[in-house]
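All remarks here apply to the structure that follows.
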There are 2 protein chains.
Amino acid sequence: MKEGPDIAYIATLIGDPARANMLTALMSGKALTVSELAQEAGVTIQTASAHLSKLDTAGLLRPRKQGRHKYFSLSNDDVAHVLEGLMGLAAGAGHLRKRTGPKDAALREARVCYNHLAGDMGTQMFDSLTAQGHVVLDNERPMLTASGAAFVADFDIDLDALRRARAPLCRECLDWSERRSHLAGSLGRAFLNRFEALSWARRDQNSRAVLFSREGAEAFRRLFPLKITL
Amino acid sequence: MKEGPDIAYIATLIGDPARANMLTALMSGKALTVSELAQEAGVTIQTASAHLSKLDTAGLLRPRKQGRHKYFSLSNDDVAHVLEGLMGLAAGAGHLRKRTGPKDAALREARVCYNHLAGDMGTQMFDSLTAQGHVVLDNERPMLTASGAAFVADFDIDLDALRRARAPLCRECLDWSERRSHLAGSLGRAFLNRFEALSWARRDQNSRAVLFSREGAEAFRRLFPLKITL
DNA sequence: TTAATGCTTCGGTTATGGTCGAACTATGAA
DNA sequence: TTCATAGTTCGACCATAACCGAAGCATTAA
């Protein structure tokens, strides 16, 4: 015993319900203020402040001061990755939160997973890309093919710029609700950005839900048809 | 708030020092008895029993009864993956355990990470495979090339059998001590098995350390030369 | 300046949960 | 059978840490 990094330290931090709620809220990718996070967690502001300070000194958060506001966001992809992993384990344990309200339905349909599209539509997009041969799975790892590169370029995504950045282009992300793969990485983020830029969808203010307009959803289905509809 | 799986439930479970020690011990990939895990965690047997029961009902462990012994192991790769991720965060937070004794030195040199080789020699193996063109990194994801397949076959590893199994062949694993990639997945496991079968190395009984013999280490270096020595 | 808002710090209360001793069950050995 | 070992369950104790009220600090608006 007493070998390796202090895993309990980090896990305890995530393990408190209030802090877990805050972290989950930050999975939206947005930067949130102390008051907003207090609201999310259902605690008073001073309690939230104490929690956030702990998460910060552990390096899980990236704070930014702006005037009299203090914004927090997850410090990097690794943190988001671990959180998603924990969600997977919790979902696997059949340990979902109480009931599934109307909000939950929207979350299952489409939501952001840190910075890319997850949920039903996320997996649909992924499946469609695979079916069309734009993405191939190599040992459960997604790779963009030549036709995929053309497809992406057609959609006005600057692939070269993405490649130049050091972040991984394609990443697989296991969805906790669907238990199936969807596209993460900088390409996944780029797709979501385009959807928003085209006004196909917008992010819900109060949750991680991604709300597609009727036209947006239709365009999405045309672009990412399911195998059956081919 | 109140969306998604109960991440705090799992994190709290991992967050207790005693349980974290047990889980860390199980990262060795071995199945351990209640008494052994109690020893690892530094608690009495009845306390360990209670902890293990909780971890079990959460689905993190796989129990097996054998005679009057009860063996526990991690229930799957996902659990190991999350744990390794947490180690990464903890190490990133500069929050390493107290001091680094002589035992720790051995751990940095070579240790098992769930079921494959990690530490200095793990990253060396990975770097060498990459330098020789046996493995290519595609967006930070390792892939076995044709020459790599031949290399593996030469080493008497039954690649087809591995491919038939559903588990991913190559997986990247970020080392917490080196902060660099090494080879996980079923191929990583197969390599470690071969090292043991050839008596190049054996696992330390009381830690996650992998102890190479002098001849084994030489053979290892011949097989996996560093770029500089080429 | 004063007032209002956003956040932090301090002190005291409370409860959750980790801990062990002791008693109990189950498997195997003598 | 009796004894020994492995593990579980129960009950009581105790410490850690989450929580909020109140007061304090910092920034912006009036």
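Proteins get letters first, then strands, A, B, ... in listed order; numbering begins at 1 in each.
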Partner residues of B:Arg189 under the salt bridge (charged side-chain N to carboxylate O under 4.0 Å, His left out) criterion, sequence neighbours left out: none
Can you tell me how far P of C:dT16 sits from CG of B:Asp16, to the nearest Å? 17 Å
Contacts of A:Ser49 that satisfy side chain to side chain donor-acceptor pair (under 3.5 Å) - sequence neighbours left out: none
Whether each nucleotide of nucleotides 3-12 of chain C has a protein heavy atom under 4.0 Å at its base (B), only at its sugar-phosphate (S) or at neither (-) is summarised, 5' to 3', as -BBSSBB---
For B:Arg202, what residues pass the salt bridge (charged side-chain N to carboxylate O under 4.0 Å, His left out) criterion, not counting sequence neighbours? none
Is the shortest heavy-atom distance from the side chain of B:Arg64 to the side chain of B:Ser73 under 4.5 Å? yes
Enumerate the ring-ring contact (aromatic ring centres under 6.0 Å, His included) contacts for residues 30-86 of chain B, please, sequence neighbours excluded, ordered by first and then second residue. A:His81-B:His81
Base, sugar-phosphate, or nothing for B:Lys65, non-hydrogen atoms under 4.0 angstrom? nothing
Going by the rule side chain to side chain donor-acceptor pair (under 3.5 Å), which residues pair with B:Ser35 if we only count those two or more places apart in sequence or in a different chain? none
So where does chain A start and stop touching DNA chain D, 5' to 3', when the test is distance under 4.0 Å to a non-hydrogen atom? D:dA18 to D:dT28
Can you name the side chain to side chain donor-acceptor pair (under 3.5 Å) partners of B:Arg194, sequence neighbours left out? none
Report the residues that fulfil salt bridge (charged side-chain N to carboxylate O under 4.0 Å, His left out) with B:Glu218, sequence neighbours left out, ordered by chain and then residue number. B:Arg214
